[in-house]
Amino acid sequence: MSNDNNSNKSYPLSQHINDGLSTYGESRDMIGYANSPPAVTWPNNAKVALNLVLNYEEGGENCLLHGDNESEKLLSEIVGAAAIPNQRHANMESLYDYGSRAGYWRLYNLLTKKYQVPCTVFAVGMALERNPPVCESMKHAIQNCGWEVASHGYRWWDYQNVSMDVEREHIARSVQIHKDVLGIRPVGMYQGKPNVNTRRLVMEEGGFLYDSDAYNDDLPYWTRTPEGQPHLIIPYTLSENDMRFASPNGFSHGKEFSTYLKDNLSYLVEEGRNGSPKMMSVGLHCRLVGRPGRAKGLEEFLDFVASLGDDVWVTTRAEIAKHWYKHHYPNVRGGRSSL
């Protein structure tokens with residue numbers, strides 16, 4: 001797409017090859033569904049598909065004890081922390097340990113016992129290997145509570161400048177860890193801090209139903225592999241996410257978290273009742289919302305979800321993917337419009 005008014009004019013100081021394009025750079029699409037999303041019919045005619053995502057990262061973060069050359073700096077109670085080169089950060093390590101020692105179990109009990117709802121775990125491979133009791137609890141939840149454990153990569157790294165060979169090995173290693181400690185491979189992938197090659201490597205691995213390294217829609221959508229086969233994207237969120245407890249001007253207490261989530265869900269339910277069902281993700285971290293005062297806010301939100309009955313389908317990303325494959329699979333022989 002181009003702007004006809006500018007097509008015959010020269011702007012040598014500002015022209016770029018991608019000027020006027022709606023789709024470019026392999027992954028950027030500025031239009032998407034536009035104002036004509038697909039006709040979605042969730043199970044039980046739900047108005048919203050709600051997916052709770054429990055990020056299990058503790059033990060896979062940057063740390064000299066893990067072979068890294070600096071300490072972790074992200075998503076802790078020390079807002080704005082800087083990485084310390086070639087040294088351990090004792091407080092940061094201890095804050096992360098809270099997630100695996102205490103926060104995980106609080107959230108596990110909340111979801112499996114009090115509310116008995118399914119969720120998707122984004123699990124870092126190295127972190128899984130370090131905590132057999134957590135792995136056993138996840139196996140139980142997969143078998144008895146409808147949980148899904150997706151891959152969150154082998155390390156909780158920023159992969160921006162990681163080579164393709166290293167990232168390819170990390171993806172394969174994480175898949176094998178899932179098989180070894182959970183008895184099942186992951187069908188979803190969320191690297192979290194990817195680079196422009198990550199999706200290509202996920203497609204290349206060949207065993208994933210979907211990836212979630214996107215934030216650009218309220219519904220799943222299809223892209224294509226280099227060979228032209230459909231590849232499903234289930235977008236995630238950084239806004240309906242407890243990470244805002246660890247960011248400037250974010251959530252300060254559990255009630256702010258629950259109020260924001262309830263407002264978001266209410267709006268989507270209303271859209272669904274008006275004929276345009278959507279999905280909603282909620283991002284959770286063991287070391288953040290696993291703190292009691294914040295977990296109280298999550299409880300308030302889950303009570304609200306329960307009050308909406310069949311209007312909300314609480315499910316996993318794997319189940320959303322299966323639904324999309326069954327009802328919205330594209331015509332692989334068709335043109336771009338089929339996606």
Side-chain angles (χ1 to χ4, degrees), residues 50-61 72-81 89-124 127-128 130-138 140-141 144-147 149 152 156 236-266 280-308 312 314:
L50 174 64
N51 175 232
L52 306 171
V53 177
L54 179 57
N55 290 267
Y56 190 77
E57 301 159 343
E58 292 81 2
E61 76 282 355
E72 185 54 65
K73 60 185 178 182
L74 297 175
L75 286 190
S76 80
E77 306 297 330
I78 311 174
V79 178
H89 191 319
N91 281 348
M92 185 67 72
E93 292 175 17
S94 189
L95 288 166
Y96 268 72
D97 291 351
Y98 181 89
S100 62
R101 292 165 59 105
Y104 170 80
W105 296 108
R106 178 168 291 114
L107 298 175
Y108 174 81
N109 291 331
L110 186 68
L111 298 178
T112 63
K113 296 178 181 179
K114 182 169 183 178
Y115 290 97
Q116 299 179 347
V117 290
C119 80
T120 295
V121 180
F122 285 166
V124 172
L128 285 178
R130 297 188 188 283
N131 203 322
V134 161
C135 292
E136 288 302 311
S137 74
M138 289 183 187
H140 174 83
N144 299 286
C145 307
W147 280 30
V149 183
H152 198 356
W156 200 63
Y236 186 45
T237 181
L238 299 182
S239 51
E240 294 74 53
N241 195 309
D242 69 354
M243 66 181 291
R244 293 180 59 197
F245 282 117
S247 63
N249 301 315
F251 303 127
S252 60
H253 54 81
K255 191 166 289 294
E256 287 186 349
F257 183 47
S258 66
T259 297
Y260 179 75
L261 294 181
K262 288 189 285 186
D263 286 348
N264 194 87
L265 181 57
S266 296
M280 175 178 169
S281 301
V282 177
L284 309 170
H285 295 78
C286 303
R287 62 192 176 278
L288 297 178
V289 79
R291 296 278 176 176
R294 296 168 181 164
K296 183 65 176 177
L298 178 59
E299 278 194 343
E300 291 179 4
F301 173 65
L302 293 175
D303 284 338
F304 178 69
V305 172
S307 75
L308 294 171
V312 180
V314 184

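Keep in mind that the numbers below use all heavy atoms, side chains included, and drop hydrogens, waters and symmetry copies. Predicted model, so just to flag it, every value in this text is computed and none were measured.
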Show, in sequence, the C-alpha distance, side-chain angles and deciding distance for Asn144 and Thr112, and conclude whether the side chain to side chain contact (heavy atoms under 4.5 Å, CB included) test is met.
CA-CA 9 Å; Asn144 299 286; Thr112 63; over 6 Å; no
Using a 6.0 Å cut-off, check whether atom NZ of Lys262 has over 12 heavy atoms from anything other than its own residue.
yes
Between Tyr108 (side chain) and Met138 (backbone), is there a donor-acceptor pair under 3.5 Å?
no
So, taking the atom named CE in Met243 and the one named OG1 in Thr237, what distance separates them when rounded to the nearest 0.5 Å?
9.5 Å
Working for salt bridge (Lys or Arg N to Asp or Glu O under 4.0 Å), residues Arg130 and Glu61:
CA-CA 12 Å; Arg130 297 188 188 283; Glu61 76 282 355; over 6 Å; no
Determine whether a donor-acceptor pair (N or O, by modelled atom type, separation under 3.5 Å) exists between the side chain of Ser307 and the backbone of Phe304.
yes
Ser258 side chain vs Lys255 backbone, donor-acceptor pair below 3.5 Å:
yes
Salt bridge check, Arg244 against Glu256: does any charged N sit closer than 4.0 Å to a carboxylate O?
no
Would the distance check show the side chain of Asn55 and the main-chain N or O of His285 forming a donor-acceptor pair, the cut-off being under 3.5 Å?
no
Side-chain donor-acceptor pair under 3.5 Å between Tyr56 and Asn131, yes or no?
yes
With no hydrogens and no angle check, is any side-chain donor or acceptor of Arg287 less than 3.5 Å from a backbone partner on Leu75?
yes
Just by modelled atom types, is the Leu288 backbone N or O under 3.5 Å from a matching donor or acceptor in the Asp242 side chain?
no
